[in-house]
Participant: 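Got a structure for you, written out below as structure tokens; questions coming shortly.
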Amino acid sequence: MLSRQQASSMASHQQCDTYAWFSQRAWVEIDLDALSHNVQQLKQFLSPHTKLMAVVKADAYGHGAVTVAQIALQAGASWLGVATVPEGIQLREAGIQAPILILGATHTSEQIQAIAQWQLQPTIGSPKQALIFSNTLETIQHDSPIPVHIKLDTGMSRLGTNWQQAGEFVQLVDRLPHLDIASVYSHLATADSPDPEIMQEQHRRFEEAIAQIKALGIKIPSLHLANSAATLADQRLHYDMVRVGLAVYGLYPATHLQQEINLKPVIQVQARVTHVKTIAMGTGVSYGHQFIAPREMRLAVVGIGYADGVPRNLSHKMQVLIRGQRVPQIGTITMDQLMIDVSAVPDVQEGEIVTLLGEQGKERITADDWAEELNTISWEILCGFKHRLPRVSVM
């Protein structure tokens with residue numbers, strides 16, 4: 001494990017024999033101290049009885065699922081959330097023993113057998129799925145019931161049984177011999193909106209669904225509803241557990257929630273200058289010559305491109321950091337490389353580090369900045385960094 005200062009120093013001096021990732025033209029740094037800080041901040045924000053599930057699906061939003069899961073659990077998370085069975089197996093193979101909830105749909109015999117074998121906990125979103133699970137477990141003669149999590153649709157219109165049928169649905173699952181109900185939950189569609197009306201309506205529906213279930217005399221071990229935005233927006237939505245993804249990684253799900261707790265971005269995306277040249281006024285840069293030099297310019301080529309996760313649609317719209325200064329990207333971003341204008345930065349050399357996302361000096365560029373420029377969301381930006389970029393953990 002390296003400090004960020006050590007990592008930057010070694011990268012600058014190209015000490016690649018010991019730390020092979022710095023021979024790369026580009027890499028992603030994961031700040032474990034920031035990650036731990038974010039989990040601790042979230043835990044302090046919750047009621048004492050409320051557990052924290054760290055959502056580590058999609059390789060922990062591109063941060064590295066195993067490392068993130070380990071640090072999040074050390075910092076106070078109790079549960080982990082994944083989207084698929086293979087994501088859960090990856091964590092188990094790494095020796096992680098914490099409960100793991102599969103948030104996505106699972107139906108096949110192979111999936112069900114793997115869930116049982118690896119002690120994962122599935123989401124059950126329909127009576128048909130519940131029966132498939134019970135029948136499959138009967139067929140494979142699984143010794144003990146598996147814990148399952150009942151998903152209700154209160155307005156997301158995605159997975160889950162309609163909240164109005166909650167009582168009937170939960171009663172069915174409760175009677176099946178091979179399933180134990182571990183929780184009942186739902187997912188909010190608009191928790192990041194400044195207008196709470198739809199979120200409040202979903203909350204009301206969830207409460208009515210729970211009342212239906214309780215009226216049947218069925219005890220529910222755990223209830224959970226809140227994602228990152230709802231966790232920060234309204235403590236009445238915390239219930240027994242919250243499912244937090246984006247906030248674990250140090251980003252806020254909405255600007256109006258930024259004052260609730262202090263989060264630190266976990267990711268930095270770095271790349272090297274691979275070539276420096278002077279171009280004359282009128283010179284076209286990159287494919288299509290969408291940029292024509294308005295003057296003599298000093299141009300640096302940086303070894304990262306859209307095949308690494310830098311969106312091509314950011315061409316001419318983004319800035320990067322070099323020596324603590326912001327400089328513009330110019331020309332069309334290509335598959336493996338992009339160009340920057342370093343005319344204002346004296347004597348830039350090959351091998352210098354460029355920060356695409358993260359901090360240098362007093363300057364910072366975040367996934368939110370890219371998302372705003374592209375009219376998308378920071379979740380998509382984080383998940384887009386490809387695995388030919390090594391992940392380097394720093395503290």
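All values reported here derive from a predicted model rather than from experimental measurement.
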Participant: Keeping the roles fixed (side chain from S47, backbone from T50), state whether a donor-acceptor pair exists under 3.5 Å.
Facilitator: no

Participant: Measure across G284 and I292 and return the closest heavy-atom pair with its distance rounded to 0.1 Å.
Facilitator: CA-CD1, 3.6 Å

Participant: Under 3.5 Å, is there a donor-acceptor pair between the side chain of D153 and the main chain of G160?
Facilitator: no

Participant: For I340, which of L356, V327, V348 qualifies under side-chain contact (heavy atoms from CB on, under 4.5 Å)?
Facilitator: V327

Participant: Salt-bridge test for D308 and R25: reply yes if a basic N is under 4.0 Å from a carboxylate O, no otherwise.
Facilitator: yes

Participant: The test is side-chain hydrogen bond (donor to acceptor under 3.5 Å, both in side chains); show your working for S222 and S183 and say whether it passes.
Facilitator: CA-CA 4 Å; S222 178; S183 81; 5.2 Å; no

Participant: Looking at M53, is its backbone amide N or carbonyl O close enough to the side chain of R243 to form a donor-acceptor pair, meaning the two atoms are under 3.5 Å apart?
Facilitator: no

Participant: So that I can tick it off, tell me whether R388 and D336 are bridged by a salt bridge, with the cut-off set at under 4.0 angstrom between side-chain N and carboxylate O.
Facilitator: yes

Participant: Can you classify the ring geometry of H224 versus H149 as parallel (below 30°), tilted (30 to 60°) or perpendicular (above 60°)?
Facilitator: perpendicular

Participant: Between E350 and R272, is there a side-chain N and carboxylate O pair less than 4.0 Å apart?
Facilitator: no

Participant: Please check if the side chain of T136 supplies one atom and the backbone of I132 the other of a donor-acceptor pair under 3.5 Å.
Facilitator: yes

Participant: So, E29 side chain and R391 main chain: donor-acceptor pair closer than 3.5 Å or not?
Facilitator: no

Participant: Please check if atom CD in Q119 has more than 12 non-hydrogen atoms from other residues, nucleotides or ligands closer than 6.0 Å.
Facilitator: no

Participant: Is it true that R298 and T278 share a donor-acceptor pair across their side chains at a distance under 3.5 Å?
Facilitator: yes

Participant: Is E207 salt-bridged to R204, going by a charged N under 4.0 Å from an acidic O?
Facilitator: no

Participant: Say whether, by atom type as modelled, one donor and one acceptor occur between the side chain of Y61 and the main chain of V248 under 3.5 angstrom.
Facilitator: no

Participant: Does one side chain, of T332 or S286, offer a donor that lies under 3.5 Å from an acceptor on the other?
Facilitator: no

Participant: Does A230 offer a backbone N or O that forms a donor-acceptor pair with the side chain of D234 under 3.5 Å?
Facilitator: no

Participant: Let me confirm one number: the CG-NE2 distance from D195 to H256, rounded to the nearest 0.5 Å.
Facilitator: 9.5 Å

Participant: Are a donor atom and an acceptor atom from the side chains of T123 and Y185 found within less than 3.5 Å of each other?
Facilitator: yes

Participant: Are more than 12 heavy atoms from other residues, nucleotides or ligands located less than 6.0 Å from atom CG of N262?
Facilitator: yes

Participant: How does the hydrophobic cluster around I279 look, that is, which other residues are in it when side-chain heavy atoms under 4.5 Å mark a link?
Facilitator: V285, F291, M297, L299, V301, I330, M339

Participant: Would you say E296's side chain and M281's backbone share a donor-acceptor pair under 3.5 angstrom?
Facilitator: no

Participant: When rounded to the nearest 0.5 angstrom, what distance separates CD1 in I30 from OG in S393?
Facilitator: 6.5 Å

Participant: Between atom CG of D368 and atom OG1 of T366, what is the distance when rounded to the nearest 0.5 Å?
Facilitator: 4.0 Å

Participant: Using modelled atom types and a 3.5 Å cut-off, is there a donor and acceptor pairing between side-chain atoms of Q319 and backbone atoms of P328?
Facilitator: no

Participant: Do the side chains of R295 and D341 get close enough for a salt bridge, i.e. N-O under 4.0 angstrom?
Facilitator: yes

Participant: Starting from the C-alpha separation in whole Å, work towards a yes-or-no answer on side-chain hydrogen bond (donor to acceptor under 3.5 Å, both in side chains) for Q165 and T161.
Facilitator: CA-CA 7 Å; Q165 282 79 54; T161 288; over 6 Å; no

Participant: What is the distance from atom NE2 of H289 to atom OG1 of T283, rounded to the nearest 0.5 Å?
Facilitator: 8.5 Å

Participant: Is E373 salt-bridged to K317, going by a charged N under 4.0 Å from an acidic O?
Facilitator: no

Participant: I'd like to know whether the aromatic ring centres of H63 and Y249 sit less than 6.0 Å apart in this structure.
Facilitator: yes

Participant: Please report the interatomic distance CG(L152) to CD(Q212), rounded to the nearest 0.5 Å.
Facilitator: 8.5 Å

Participant: Taking R205 as the fixed residue, which of E201, E208, Q202 is the one that meets the side-chain hydrogen bond (donor to acceptor under 3.5 Å, both in side chains) rule?
Facilitator: E201

Participant: Q349 versus D347: any side-chain heavy-atom pair under 4.5 Å?
Facilitator: yes

Participant: Could you state the interatomic distance from CG (L35) to CD (Q74), rounded to the nearest 0.5 Å?
Facilitator: 9.5 Å

Participant: Hey, is the main chain of Q90 close enough, under 3.5 Å, to the side chain of E93 for a donor-acceptor pair?
Facilitator: no

Participant: Which pair of heavy atoms, one from V66 and one from I96, lies closest together, and at what distance?
Facilitator: O-CD1, 4.2 Å

